[in-house]
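Whatever order the structure lists ligands and atoms in, that order sets their numbers, starting from 1. Residue indices begin at 1 and follow the sequence shown. Note that the structure is a prediction, hence the values are computed from the model and not measured.
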Amino acid sequence: MADIKVIFGSTTGNTENAANIIAKELGGKAISAADARPEDFNADILILGSSTWGVGEIQDDWIGGLAMLNDCDLKDKIVALFGEGDQMGFGDTFVDAVGTLYQKVTERGAKVIGRWSAEGYKHGSSTAEINGEFVGLALDEDNESELTFERIRKWCGRLKSEAGL
Ligand SMILES: Cc1cc2nc3c(=O)[nH]c(=O)nc-3n(C[C@H](O)[C@H](O)[C@H](O)COP(=O)(O)O)c2cc1C
């Protein structure tokens, strides 16, 4: 069985809840980025999540985690990304932390799976969006909490087929 780690940064618990659901759906383990050890980043499949704070900043628990990612060889590693944001309140930096994670892992050679259509979202711009798609799952507890569970379920189904799980 593949070793799947879901590493998340969360301040008020929204990304943590999403991480726990994702871990359950995929049979993986959810770990706070604040508690992650370097070996956690060696999992067969890495699922990284963060909420966005400030104006487009990655959540604070990721500060150490980003440094650990710098020391990882992610060449050809399967990575999927997700994040929580607020498309109405922060429409110009919606889920930008996912864009930050994307930049970091692709620089290190990762193969990112689990892109997600940006159709239907009402944000203006996001560093996590490329050609009408988010580079990972965009969740918005502040405005669309009723969609979260179904979005996660659907996304996890796609990850399973893309990663051959
Ligand atoms: C002060 C503040 C700044 C925020 N900045 C952003 C932002 O730049 N972009 C965004 O998409 N969401 C932003 N948000 C929304 C949070 O990311 C959102 O509430 C998220 O669900 C929090 O998740 P967490 O509980 O996992 O930390 C901000 C929220 C607050 C209160």
Side-chain angles (χ1 to χ4, degrees), residues 4-37 40-41 43 45-69 79-107 110 112-159:
I4 302 173
K5 295 269 170 30
V6 183
I7 304 177
F8 64 88
S10 180
T11 300
T12 65
N14 293 334
T15 312
E16 178 172 11
N17 286 339
N20 285 329
I21 301 170
I22 292 166
K24 202 165 166 198
E25 288 279 325
L26 299 177
K29 186 172 179 212
I31 305 168
S32 163
D35 302 328
R37 295 158 306 166
D40 292 322
F41 292 91
I45 297 179
L46 266 184
I47 309 204
L48 309 180
S50 178
S51 49
T52 300
W53 286 86
V55 182
E57 304 296 321
I58 198 163
Q59 197 273 342
D60 282 352
D61 291 345
W62 265 108
I63 290 166
L66 286 181
M68 281 185 241
L69 276 176
V79 175
L81 307 171
F82 69 102
E84 289 273 4
D86 173 356
Q87 64 194 293
M88 306 307 260
F90 296 89
D92 290 334
T93 53
F94 181 50
V95 297
D96 272 12
V98 175
T100 304
L101 287 169
Y102 179 77
Q103 198 183 353
K104 179 65 72 180
V105 301
T106 50
E107 258 168 33
V112 176
I113 64 168
R115 283 178 170 66
W116 185 254
S117 173
E119 216 181 298
Y121 291 84
K122 297 171 192 71
H123 64 295
S125 65
S126 171
T127 59
E129 186 179 352
I130 301 174
N131 297 332
E133 282 189 321
F134 291 112
V135 294
L137 178 63
L139 299 169
D140 183 344
E141 234 46 55
D142 295 305
N143 305 290
E144 297 179 336
S145 60
E146 72 285 0
L147 300 181
T148 293
F149 184 73
E150 189 52 24
R151 280 175 169 161
I152 292 176
R153 210 189 51 77
K154 203 166 159 186
W155 186 66
C156 286
R158 292 218 197 125
L159 293 187

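The ligand atoms of ligand 1 that sit less than 4.0 angstrom from a heavy atom of G56 are 7 (C), 8 (O). For ligand 1, the atoms lying closer than 4.0 Å to a non-hydrogen atom of T15 are 23 (O), 24 (P), 26 (O). Listed by number with element, the atoms of ligand 1 under 4.0 angstrom from any heavy atom of G85 are 10 (C), 11 (O), 12 (N), 17 (O). The F94 neighbourhood of ligand 1 comprises atoms 11 (O), with distances under 4.0 Å to a heavy atom of that residue. Short contacts between ligand 1 and N14, defined as distances under 4.0 Å to a heavy atom of the residue, involve ligand atoms 20 (C), 21 (O), 22 (C), 23 (O), 24 (P), 25 (O), 26 (O). Interface atoms of ligand 1 facing T93, defined by a heavy-atom separation under 4.0 Å, are 7 (C), 8 (O), 9 (N), 10 (C), 11 (O). Taking a cut-off of under 4.0 Å to the non-hydrogen atoms of S51, the atoms of ligand 1 that pass are 17 (O), 22 (C), 23 (O), 24 (P), 26 (O), 27 (O).
When only interatomic distances are considered, the shortest N/O to N/O separation between V95 and ligand 1 falls below 3.5 Å. Between G9 and ligand 1, no N or O atom pair is found at a separation short of 3.5 Å. Considering both main-chain and side-chain atoms, Q59 never comes within under 3.5 Å of ligand 1 through any nitrogen or oxygen pair.
Across every non-hydrogen atom of W116 and G136, the tightest pair is CB-O, 3.4 Å.
From the protein, the heavy atom lying nearest to atom 19 (O) of ligand 1 is D142 OD2, 2.7 Å. When only non-hydrogen protein atoms are considered, atom 28 (C) of ligand 1 lies nearest to F90 CE1, 3.3 Å. Counting protein heavy atoms only, atom 13 (C) of ligand 1 is closest to T52 O, 3.0 Å. Closest to atom 5 (N) of ligand 1, if we only count protein heavy atoms, is G54 O, 2.8 Å. If you check which protein heavy atom lies closest to atom 31 (C) of ligand 1, you get W53 CZ3, 3.2 Å.
Using modelled atom types, one side-chain atom of T52 and one backbone atom of A97 make a donor-acceptor pair closer than 3.5 Å. No donor-acceptor distance shorter than 3.5 angstrom exists from the side chain of W53 to the backbone of S10, with no hydrogens or angles considered. Under the 3.5 Å distance criterion, the side-chain polar atoms of D140 are matched with a main-chain donor or acceptor of Q87. For the pair T93 (side chain) and V55 (backbone), a donor-acceptor distance under 3.5 Å is absent. Using modelled atom types, one side-chain atom of D96 and one backbone atom of T127 make a donor-acceptor pair closer than 3.5 Å.
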When you look at L139 and R151, which way does the side chain to side chain contact (heavy atoms under 4.5 Å, CB included) test go after all the steps?
-> CA-CA 8 Å; L139 299 169; R151 280 175 169 161; 4.0 Å; yes

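Each ring pair (Phe, Tyr, Trp, His ring centres under 6.0 Å) pair with one or both residues in residues 127-148, not counting sequence neighbours, appears once here: F94-F134, Y121-F134, H123-F134.
No more than 12 heavy atoms of other residues, nucleotides or ligands shown are found within 6.0 angstrom of CD on E119. Around CD of Q103, the count of heavy atoms belonging to other residues, nucleotides or ligands within 6.0 Å does not exceed 12.
With a 4.0 Å cut-off on non-hydrogen atoms, V55 touches ligand 1 through its backbone and not its side chain.
For atom 12 (N) of ligand 1, the choice among D86, N143, D60, T12 with the nearest heavy atom turns out to be D86. The residue among E84, Q87, E57 with a heavy atom at the shortest distance from atom 20 (C) of ligand 1 is E84.
Using a 4.5 Å heavy-atom threshold, the side chains of F8 and I22 count as separate. Within the 4.5 Å cutoff, no side-chain heavy atoms of S51 are placed close to those of N14.
Residue contact annotation: D96 has no non-hydrogen atom under 4.0 Å from ligand 1.
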